[in-house]
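First comes the structure, then the notes that go with it.
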Amino acid sequence: MLVQVALPVPLYRVFDYSLPANVHALPNTIAIPIPPIGSRVEVSFGRQTLIGIVVAHISEANSSVPLNKLKPINRCLDAEPILDERMLKLASWLSRYYHYPLGDVLAVILPTLVRQGKPLDLLITHWRILPNITDDDFHTNAKKQKQQFDMLKLHGERGASEDVLLLEGMQRAFLKTLEEKGLIERYIEPKQAPAPVKLAKMPLDLNDEQKLAVEAIIAAHESGCYTGFLLNGITGSGKTEVYLQAMQAVLEAGKQILILVPEIGLTPQTRERFASRFAAHIVLLHSGMNNTHRLQGWQDCRTGHAQIIIGTRSSVLYPFANLGLIVVDEAHDGSYKQQDTLRYHAADVALYRGLQANIPVVLGTATPSLEHLKLVDDGKLVECQLLTRPGNAKPATMQLIDARLQSTHQQAQDDGARYDTGLTDALIGAIRKTLEAGNQVLIFLNRRGYAPVLLCEACGWQADCPRCDAHLTVHYNSQSQHNTYVSNSYLKCHHCDWQSYIPTVCPDCGSQNLDAKGMGTTRLSENLHAIFANPQTSKELYPIIQIDRDTTRRKDSWENIYQRINEGTPTILVGTQMVAKGHHFPNVTLVCLPNADRGFLSADFRSPEHTAQLMIQVAGRAGRGDKSGQVLIQTLQPDNELLLKLVKDGYLSFARELLQERKMMGLPPHTHAALIRCEGKTLTATTQALKDAISILPNAHNLAVLGPIDAPMSKKNSRYHAQLLLLAKDRRQLHHVLNQWWEPVLALPNAKYLKLTLDIDPVGW
Ligand code: ADP
Ligand code: ZN
Ligand code: ZN
């Protein structure tokens with residue numbers, strides 16, 4: 001008997017190893033005669049020692065390696081498989097579909113500590129509130145402490161692991177204080193199965209559309225068959241309530257639920273929505289976890305202890321004991337596509353796992369991707385529509401403001417000179433009216449920093465990144481006493497993080513006439529401050545909250561921003577795409593998009609789709625409470641047909657038209673794409689490598705080869721990028737070609753000096 005082992009090496013094969021005559025005698029080994037399929041073994045590989053996964057048992061006769069060349073395994077790490085048959089099948093499907101080596105796929109799937117060979121049963125400190133303690137035992141005037149105590153309470157009688165609590169914002173010192181006061185206790189987890197899930201709060205009365213959706217999902221669950229759903233519900237239509245009530249049936253059947261969410265910034269709110277409905281063991285999975293916590297979460301999923309799992313993209317690769325339902329919230333979101341190593345799409349993997357486990361999968365969104373609409377057309381997804389908002393809430397009205405007809409507002413500076421605020425008087429008037437009525441305004445600008453370009457007015461020089469084909473963004477703040485988030489002024493590349501000071505004279509011509517051009521969130525916030533400040537004291541009349549990567553870097557900054565917004569006083573929010581993602585701001589009644597429609601002019605054929613999704617998602621933040629909402633789009637291209645279609649007929653009919661266009665042009669999702677990227681020291685070398693690759697491409701009918709062309713940003717971080725796109729009508733045909741071609745491409749003589757990657761179903765170039 002031999003074992004076949006998948007090793008974390010970039011080779012498209014597995015490796016045969018023999019078993020020593022007496023496995024028991026190996027040092028540090030688990031005493032079992034044969035390491036089971038799905039367990040870890042340590043082996044020698046060249047001069048390295050590696051840990052791999054046993055993927056098959058084979059007989060000596062079936063090995064391609066001569067008997068005297070076979071090496072024995074060094075040791076067995078597990079008595080039981082750590083990956084069951086389903087997980088191994090998932091890994092092999094991922095390897096085949098994404099043309100990525102099996103050993104590397106497993107390296108992506110397994111948490112770091114598992115890959116390093118750590119035992120799975122780590123003991124972890126947990127904290128819980130003592131059983132006889134009530135709210136009356138803990139009184140404090142400190143809001144923060146009360147909050148932390150409530151958070152611990154949410155975890156129920158079994159409490160939670162220290163890691164989880166710290167991650168949620170609990171302070172270690174506070175745990176100690178509570179322990180000294182005799183309110184809580186710590187215990188080391190010898191894991192027991194959690195209590196069955198209990199309903200903590202009554203469900204809402206569903207409207208008819210919601211009812212239909214919930215019934216369809218529950219019927220699929222009860223039939224024990226896979227069904228993929230597209231829950232196509234306008235923003236604010238109550239998709240979460242549909243998830244919750246479908247989940248209830250599945251949880252009552254004792255099954256686990258996986259909820260994928262786009263970003264961790266959202267997860268604290270998301271967790272609360274689920275935790276307030278169900279008393280359950282809820283596990284959060286995201287990239288901010290440390291290795292121990294990740295292993296803990298992985299184990300909880302694998303053993304079935306985790307009942308509700310809320311996680312970002314990679315959680316779709318976790319092992320589950322008895323999964324009963326997968327929800328992919330905001331399924332159109334770009335963050336579900338992994339952009340390096342194993343380039344999987346979490347929604348596609350979710351559908352595969354649903355099929356594998358015979359369970360329903362729900363893709364929920366207000367702005368379905370064209371891929372998902374196509375799956376509905378092909379009968380592969382069942383569509384459930386939610387077209388109304390429950391209760392009194394009405395979808396916001398959308399209106400265009402022609403920025404060509406109305407000049408933008410000029411604001412006077414201290415020295416009398418005037419500058420352009422980038423906002424039309426109509427927009428400013430609407431903002432003022434909204435604030436005076438006691439409501440909040442959200443202004444969307446998808447550009448952080450002060451300005452996107454620094455320009456010499458004398459000679460036309462622009463500050464560019466020395467390492468990328470990109471302008472440097474001006475970061476500057478004239479009012480740092482008002483804003484604690486930006487401390488100084490500098491130029492920064494948003495692609496490689498290169499930074500420099502802001503020159504005082506033009507490096508080319510020496511002119512002092514340097515000007516920051518264009519508008520970033522910081523500049524817009526400053527302009528708004530100037531417009532809406534008290535003219536006598538220049539004091540802020542309304543708080544202006546800037547929401548972008550620069551202002552939310554700190555761990556608890558989102559929490560603070562959320563709190564400030566939800567206090568509900570009239571406030572102006574200025575945000576990048578971060579504000580588009582599913583947030584619930586009940587007091588926002590006006591959403592302004594001063595130039596969101598620029599994306600309709602981009603060269604990327606996906607840009608109109610993504611731009612529209614972003615616009616509709618941002619617009620969806622308006623009027624989510626009882627008050628009706630208004631959306632104003634300030635544009636320089638009010639005749640743009642796409643824009644008009646979107647505003648008049650709505651996202652769905654807009655998307656249908658794009659889908660038709662893609663069909664005519666033979667573009668995805670009507671064809672299937674593979675993108676080959678090549679990265680190297682010169683553009684000539686990368687382009688040549690792709691030409692060499694084309695020269696060995698097997699003759700294939702119905703395969704379009706586009707390129708090689710320079711990547712949209714061909715120089716990035718001092719490396720050059722070229723690319724090649726393959727398009728095929730038939731998915732199988734594409735994969736058939738890739739199966740024969742991709743490994744020889746990687747073996748081309750020049751490939752050694754270059755980085756060649758293959759991206760199946762790419763979502764951007
Ligand atoms: P979506 O995720 O579709 O944008 P949400 O799930 O956030 O929308 O729901 C929007 C609001 O509507 C929430 O405040 C939610 O509590 C409320 N809601 C949802 N369903 C109902 C219902 N059936 N009756 C009353 N309110 C509801
Ligand atoms: Zn100059
Ligand atoms: Zn750069």
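Just follow the structure's listing: the first ligand is 1, and inside any ligand the first atom is 1. Side chains are part of it too, since the values below use all heavy atoms of this structure and drop only hydrogens, waters and symmetry mates.
For the pair Gln210 and ligand 1, the shortest N or O to N or O distance falls below 3.5 Å. In terms of polar-atom proximity, Thr240 is counted as a contact of ligand 1, with an N or O under 3.5 Å from an N or O of the ligand. When only interatomic distances are considered, the shortest N/O to N/O separation between Gly236 and ligand 1 falls below 3.5 Å.
Classification of the His345-Tyr336 ring pair by plane angle, with boundaries at 30° and 60°, yields tilted. The aromatic rings of Phe585 and His583 lie parallel to each other, with less than 30° between the two planes, well short of the 60° mark.
When the heavy atoms of Leu386, Ile234, Asn207, Asp205 are ranked by distance to atom 22 (C) of ligand 1, first place goes to Asp205. Comparing Pro586, Pro390, Gly238, Ser237 by heavy-atom distance to atom 25 (C) of ligand 1, the nearest is Pro390.
Nearest non-hydrogen protein atom to atom 14 (O) of ligand 1 is His584 NE2, 3.6 Å. Looking at atom 13 (C) of ligand 1, its nearest protein heavy atom turns out to be Arg273 NH2, 4.1 Å. For atom 16 (O) of ligand 1, the closest heavy atom belonging to the protein is Leu204 CD1, 4.0 Å.
The shortest separation from a heavy atom of Gly233 to ligand 1 is not under 4.0 Å, leaving the residue out of contact.
Closest heavy-atom contact between Ile561 and Gln546: CD1-O, 4.2 Å.
Side-chain contact annotation: Thr367 with Gln617, donor-acceptor N/O pair under 3.5 Å present. One side chain, Gln245 or Glu241, offers a donor N or O that lies under 3.5 Å from an acceptor on the other.
Here Cys456 contributes SG and Cys506 contributes SG, and at the Zn ion (ligand 2) these two atoms make an angle of 110°, given to 10°. To the nearest 10 degrees, the Zn ion (ligand 2) sees SG of Cys509 and SG of Cys459 at an angle of 110°.
With hydrogens and angles disregarded, a donor-acceptor distance shorter than 3.5 Å links the side chain of Asp469 to the backbone of Lys715. At distances below 3.5 Å, at least one donor-acceptor pair connects side-chain atoms of Lys239 with backbone N or O atoms of Ile234.
The residues Arg606 and Glu371 are annotated as salt-bridged, a charged nitrogen and a carboxylate oxygen being separated by less than 4.0 angstrom. A salt bridge links Arg656 and Asp377; the closest N-O separation between the charged side-chain nitrogens and carboxylate oxygens is under 4.0 Å. Salt bridge status for Arg553 with Asp550: present, with a side-chain N to carboxylate O gap under 4.0 Å.
Within the protein, the number of N, O or S atoms lying under 2.8 Å from the Zn ion (ligand 3) is 4.
For Lys716, the NZ atom is loosely surrounded, since the number of other residues' heavy atoms within 6.0 Å does not exceed 12.
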